[in-house]
Every structure is written in C-alpha cells, then in structure tokens.
Undergrad: 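Please read through the structure below; I'll follow up with questions.
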Amino acid sequence: MDKSVIAAITKSPLRASLYHFTRAGNLQSMAALDGIFASALLCPEYANGIRRTATRAAIYNGQPAVLNAHLRIAPEAMEAGTTAEQFRACLDRHVFLWPAERDCMTMAAVYSRREPGEAFAILKLDAYSLLTDHFDHIRLSKYDSGSSPRYPHRMSYRKSCGMLLPIGQFMTEKRPAVPDKPSQIKEVLVEYKLTPLSRYLQAMYCSDPRLAPGAWSAICEPLVWPQARPLSAPDKR
C-alpha cells in the first residue's frame, strides 16, 4: 500500500471526507449490519448485468434494502467490446462514494425532485482511514460511471470496466479515461462492501430525521438542499 497516494488524494480539505447517497429507508439496515453492501450482494439475481428498470426491494442477512433502478445507457456510450450488461455487472459489484460534497448533493437533489415523497440521506465518511483500510479494493473513476449522457455521441470517453482505476495505479497509469491527479477523481468505488461503517462515519444528513438509526442520532443533521446551505462550511483558503 502506497500511503503517499492516499495522502495526495486527501490533502485538500475538500477531499478529507467521502460521501454516500442512499434512501433513508436503508439507514436502519446499514446500522444493523454496520456496513454498506454492493448491489451484487444485496440482489444477486441482477448480478449478471440485467437492468433494473425500477427500484428493487431485497433482503440481505435478514435486513431489508431498496436498490435504485439502473439508468439506461445507450450503446453509443459504450467502448467497443463492452456491452451495457457487462458494464452494469461491473458497477453492481461496487459501493459508490463521492469525494466532492457538491456532486453528492447534486445527485440527492435530482432524486428528491424525481421522487418528492421519498426521504433520502447522505453519509459523510472519513476518507483517509477508509482508503487505508480498503486500499486493495478501491477503484477511482474520472467520470460519473453510472450516468446516462443525453448525447452519447458527444462524449469524450466511452464506458467500460477499464475506466475504474485501481488506486494502486493512481498517478502512474496515464490514460485519457482514468484520473491521474486528485482533482480529476469523480467517484471512489469500494469492491463489494464497506465495513465496519461505524469506523468511518462522521456525520449523517437525513431529509426525515425520524428514520435515523438510534445509534447514529448524535451525528444526525437535517438534509438541506444546496440552495439553503452546504453540508459543511466552504474552504476559504
């Protein structure tokens, strides 16, 4: 493990934490299992890349979970030799984190407009310790890997499993489709599971605090959309 890579990624105060977006209804299960688990584990019948066209309820280790639908990815967005099914199967083997608070908030705001009656939450996690503990299972993406670009023919890259860079190759692997400096990291992905969650959890923001697990009540704050205030004070340096 190269700790200089982790130090470079987390040097900026804006990347000292990682953010995970979820449905507030999943919080109790996350707390009970002390972890976040990839879709391939939660719902293995979709692990071969079958597209979820709607939300999907699942039970994992006796705990309920709701998985989001997959966005449709146009064939034109895919790299030659990679199908959308293969790419979805690859994505579903990972837990997704955002290094930029604003990107996570943007995603949360999109879902809140799309599903106005649903409650959502964001978990704020310590980046340095998480990346250290899970180093061999971390992938970095330069792009929003699961997005569905409106104009795929205008994309500057094509989607494939190769766009997910093992963190050990960061700053040495030079390809247009992968990040080679910290500011280019759009997503941080963890293979299969992120445990123990309580070790990294710094704060939880929830649009319906009544759904917050009792064990996390001390770190629970209301989820307020970007136009009102950021989750944390901006870096003024």
Side-chain angles (χ1 to χ4, degrees), residues 1-22 35-41 49 68 70-71 73 77-79 81-82 84 86-108 122-149 155-195 197 199-202 231-232 235:
M1 176 175 60
D2 187 350
K3 289 195 173 183
S4 67
V5 169
I6 300 174
I9 293 173
T10 60
K11 181 179 179 180
S12 168
L14 298 179
R15 289 188 299 274
S17 298
L18 296 168
Y19 300 86
H20 177 75
F21 169 73
T22 188
I36 307 174
F37 300 88
S39 298
L41 295 180
N68 290 332
H70 290 120
L71 296 178
I73 300 178
M78 302 306 305
E79 186 174 291
T82 301
Q86 291 170 329
F87 188 59
R88 280 194 295 267
C90 178
L91 296 184
D92 278 1
R93 293 193 292 268
H94 296 84
V95 172
F96 290 81
L97 307 171
W98 299 87
E101 174 192 305
R102 66 181 180 276
D103 290 339
C104 190
M105 284 296 294
T106 297
M107 182 179 186
I122 291 175
L123 306 182
K124 181 180 180 181
L125 309 167
D126 179 70
Y128 190 93
S129 59
L130 189 157
L131 295 177
T132 300
D133 291 350
H134 297 271
F135 189 87
D136 291 338
H137 303 282
I138 297 290
R139 302 289 183 268
L140 308 174
S141 178
K142 187 177 180 179
Y143 303 99
D144 181 352
S145 56
S147 65
S148 179
M155 291 168 55
S156 61
Y157 72 102
R158 290 293 178 264
K159 293 178 182 286
S160 75
C161 299
M163 65 187 284
L164 307 182
L165 181 71
I167 191 173
Q169 299 175 21
F170 180 59
M171 296 193 296
T172 60
E173 181 78 12
K174 304 292 184 180
R175 290 187 285 118
V178 300
D180 61 13
K181 54 186 177 181
S183 61
Q184 291 182 343
I185 300 172
K186 185 77 168 181
E187 291 177 336
V188 174
L189 303 88
V190 188
E191 287 184 305
Y192 288 111
K193 61 183 179 180
L194 176 55
T195 60
L197 181 57
R199 179 181 298 174
Y200 316 112
L201 189 58
Q202 297 175 317
L231 297 184
S232 55
D235 179 31

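Along the sequence shown, the residues carry numbers beginning at 1.
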Undergrad: Just to verify, what does Asp103 make a salt bridge (charged side-chain N to carboxylate O under 4.0 Å, His left out) with, not counting sequence neighbours?
TA: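 Checked Asp103 against salt bridge (charged side-chain N to carboxylate O under 4.0 Å, His left out); matches are Lys186.
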Undergrad: Taking salt bridge (charged side-chain N to carboxylate O under 4.0 Å, His left out) as the test, write out the residues that go with Arg93, two or more places apart.
TA: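 Here no residue qualifies.
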Undergrad: Compare every heavy atom of Leu123 with every heavy atom of Leu201, then report the nearest pair and how far apart it is.
TA: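 In this case the closest contact between Leu201 and Leu123 is CD1-CB, 3.9 Å.
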Undergrad: Would you compute the distance between atom CG of Leu18 and atom CD1 of Ile138 and round it to the nearest 0.5 angstrom?
TA: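 That separation rounds to 8.0 Å.
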Undergrad: For residues Phe96 and Ser145, report the shortest heavy-atom separation together with the two atoms involved.
TA: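 Phe96 and Ser145 have their closest heavy atoms at CE2-OG, 3.4 Å.
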Undergrad: Would you give the length of the straight line joining atom OG1 of Thr132 to atom CG of Asp126, rounded to the nearest 0.5 angstrom?
TA: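 Rounded to the nearest 0.5 Å, the OG1-CG separation comes to 8.5 Å.
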Undergrad: To the nearest 0.5 Å, how far apart are NE2 in His70 and CG in Leu91?
TA: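 Reported to 0.5 Å precision, the distance equals 7.0 Å.
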Undergrad: Could you grab the distance from atom CZ of Arg158 to atom CE of Met78, nearest 0.5 Å is fine?
TA: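 Going from CZ on Arg158 over to CE on Met78, the span is 10.0 Å.
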Undergrad: Can you confirm whether Tyr19 sits close enough to Arg102 that some side-chain heavy atom of one is under 4.5 Å from a side-chain heavy atom of the other?
TA: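 SC-SC contact between Tyr19 and Arg102 ruled out.
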Undergrad: What residues, two or more places apart in sequence or in another chain, satisfy ring-ring contact (aromatic ring centres under 6.0 Å, His included) together with Tyr157?
TA: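 By the ring-ring contact (aromatic ring centres under 6.0 Å, His included) rule, Tyr157 matches Tyr143.
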Undergrad: Under the side-chain hydrogen bond (donor to acceptor under 3.5 Å, both in side chains) test, which residues partner Ser4, sequence neighbours left out?
TA: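 For Ser4 the side-chain hydrogen bond (donor to acceptor under 3.5 Å, both in side chains) partners, ignoring immediate neighbours, are Asp2.
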Undergrad: Would you compute the distance between atom CG of Leu131 and atom CZ of Phe170 and round it to the nearest 0.5 angstrom?
TA: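 The CZ atom of Phe170 is 10.5 Å from CG of Leu131, to the nearest 0.5 Å.
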Undergrad: List for me each residue that meets ring-ring contact (aromatic ring centres under 6.0 Å, His included) alongside His134, sequence neighbours excluded, and say none if there are none.
TA: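 Partners of His134 under the ring-ring contact (aromatic ring centres under 6.0 Å, His included) test: Tyr200.
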Undergrad: Residues in side-chain hydrogen bond (donor to acceptor under 3.5 Å, both in side chains) with Thr82, at least two apart?
TA: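 By the side-chain hydrogen bond (donor to acceptor under 3.5 Å, both in side chains) rule, Thr82 matches no residue at all.
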Undergrad: At their closest point, which heavy atom of Glu187 faces which heavy atom of Ile185, and how far apart are they?
TA: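 Minimum heavy-atom contact is O-CG2, 3.4 Å.
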Undergrad: For Leu140, run the side-chain contact (heavy atoms from CB on, under 4.5 Å) check against Leu164, Leu189, Ile9, Val5 and tell me which one passes.
TA: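 Result for side-chain contact (heavy atoms from CB on, under 4.5 Å) with Leu140: Ile9.
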Undergrad: Determine whether Thr22 and Ile36 make a side-chain contact, defined as any pair of heavy atoms from C-beta on separated by less than 4.5 Å.
TA: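 Heavy-atom side-chain distance check fails, nothing below 4.5 Å.
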Undergrad: Could you give all pairs that pass the salt bridge (charged side-chain N to carboxylate O under 4.0 Å, His left out) test and reach residues 128-140, with sequence neighbours left out?
TA: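 Every salt bridge (charged side-chain N to carboxylate O under 4.0 Å, His left out) pair that includes a residue of residues 128-140, provided the two are not neighbours, is Asp133-Arg199, Arg139-Glu191.
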Undergrad: Listed by chain and number, what are the side-chain hydrogen bond (donor to acceptor under 3.5 Å, both in side chains) partners of Ser141, not counting sequence neighbours?
TA: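 If we apply the side-chain hydrogen bond (donor to acceptor under 3.5 Å, both in side chains) test to Ser141, skipping adjacent residues, there are no hits.
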Undergrad: Would you compute the distance between atom CD of Gln86 and atom OG of Ser160 and round it to the nearest 0.5 angstrom?
TA: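 Those atoms lie 10.0 Å apart.
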Undergrad: On a heavy-atom basis, which atom in Ala108 and which in Ile122 lie closest, and how many Å separate them?
TA: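 Scanning both residues, the minimum pair turns out to be CB-CD1, 4.1 Å.
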Undergrad: Side chain to side chain contact (heavy atoms under 4.5 Å, CB included) with Glu173: which residues, sequence neighbours excluded?
TA: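 If we apply the side chain to side chain contact (heavy atoms under 4.5 Å, CB included) test to Glu173, skipping adjacent residues, the hits are Leu165, Gln169, Arg175, Val178.
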Undergrad: Please name all residues satisfying side chain to side chain contact (heavy atoms under 4.5 Å, CB included) with Met107, sequence neighbours left out, ordered by chain then number.
TA: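 For Met107 the side chain to side chain contact (heavy atoms under 4.5 Å, CB included) partners, ignoring immediate neighbours, are Phe21, Trp98, Tyr111.
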Undergrad: Restricting to non-hydrogen atoms, name the atom on Asp144 and the atom on Ser147 that form the minimum distance, rounded to 0.1 Å.
TA: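 It is O-OG, 2.9 Å.
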Undergrad: Applying side chain to side chain contact (heavy atoms under 4.5 Å, CB included), name anything that partners Thr195, two or more places apart in sequence or on another chain.
TA: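 Listed in chain order: Phe37, Lys193.
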Undergrad: Would you say the side-chain atoms of Arg88 pair up with the backbone N or O of Gly49, donor to acceptor, closer than 3.5 Å?
TA: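 Yes, because the side chain of Arg88 sits within donor-acceptor range (under 3.5 Å) of the backbone of Gly49.
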Undergrad: Among residues at least two apart in sequence or on other chains, which ones pass side chain to side chain contact (heavy atoms under 4.5 Å, CB included) with Gln184?
TA: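 In terms of side chain to side chain contact (heavy atoms under 4.5 Å, CB included), with neighbours along the sequence ignored, Gln184 is linked to Lys142, Pro179, Asp180, Lys181.
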Undergrad: Is there a side-chain contact between Pro182 and Lys11 in this structure, where contact means two heavy atoms from C-beta onward sitting under 4.5 Å apart?
TA: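 Sidechains of Lys11 and Pro182: no contact.
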